[in-house]
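Note that the structure is predicted; figures quoted are calculated from it, not measured. Quick note: residue numbers are just sequence positions, from 1. Atoms within a ligand are numbered from 1 in the order they appear, just like the ligands themselves.
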Amino acid sequence: MKPKIGVLGSGKGSNLAAVCRKIETGELDAEIGLVISDVKDAGILQLARDQGVPAMWVDPGSQKGGRLSDAAIMEITGQLKNAGVELVVLAGFMKIVRGELLETFSGRMVNIHPSLLPKYKGLAAWKQALEAGESEAGCTVHFVAAGVDSGEIIEQARVPIFDGDTADTVHARIQQQEHELYSRVIGEVLRRLRAGN
Ligand code: GRF
């Protein structure tokens, strides 16, 4: 049986689309068990449905500052478990993962962040790099731990920043790399999990 991944996202879902393509071509040996979003009309949910993948919205509750309600944490954890998910993949999930969800999938949850961590955590990281005058930016896949954009770094991809770049051009260049890097690392982590290390 192919290992199942669960994807959590809040946005347009271009990383999910890339993962689906790599599954289709056989480059990634996995199956998407479930896609969950905290945003009812997120592109990622539509994309999942178009791909015939189970997709659901979970009410994040009304807490501020990226916090999920306790009920949302329980619901997401339960749904991922029921779907038989081995690895949780965060793809533009704008909520902080904590509590039962983090504990249940400890060592089995990865995130992709659009910077060369540990530099530029948080929002619009590509813009932070550009405004700081960096000559390169990139993306990082890391295990998820308590704390925003923290946790063991698994792999990074670098892109140059050119004179005349805008936040949009840098972001687009990073996303191209994300779409290659994420599936490759997901495959690697799944192999390691299956091998028991
Ligand atoms: C990506 O840039 C990722 O690095 C960040 O959120 C964005 C998600 O984009 N964590 P998409 O929804 O996969 O297009």
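- Near Gly92, the atoms of ligand 1 lying under 4.0 angstrom from a non-hydrogen atom of the residue are 6 (O), 8 (C), 10 (N).
- Taking every heavy atom of Glu178 and a limit of under 4.0 angstrom, the matching atoms of ligand 1 come to 1 (C), 2 (O), 3 (C), 4 (O).
- Heavy-atom contacts of His171 reach the following atoms of ligand 1: 2 (O) (cutoff under 4.0 Å).
- In this structure, Met94 falls outside the shell of residues with a heavy atom less than 4.0 angstrom from ligand 1.
- Counting only N and O atoms by type, the side chains of Gln176 and Glu180 include no donor and acceptor under 3.5 Å apart.
- Considering backbone and side-chain N/O atoms, Leu16 never comes within less than 3.5 Å of an N/O atom of ligand 1.
- The pair Glu188-Arg191 counts as a salt bridge, with a side-chain nitrogen and a carboxylate oxygen less than 4.0 angstrom apart.
- Remark: Lys119 engages Glu134 in a side-chain hydrogen bond (donor to acceptor under 3.5 Å, both in side chains) (not counting sequence neighbours).
- Residues meeting the side-chain hydrogen bond (donor to acceptor under 3.5 Å, both in side chains) test with His142, sequence neighbours left out: Asn111.
- Between Ala91 and ligand 1, no pair of N/O atoms sits closer than 3.5 Å.
- Remark: ligand 1 and Ser14 share an N or O pair separated by less than 3.5 Å (distance only, no angle test).
- Remark: distances from the non-hydrogen atoms of Gly13 to ligand 1 include one below 4.0 Å.
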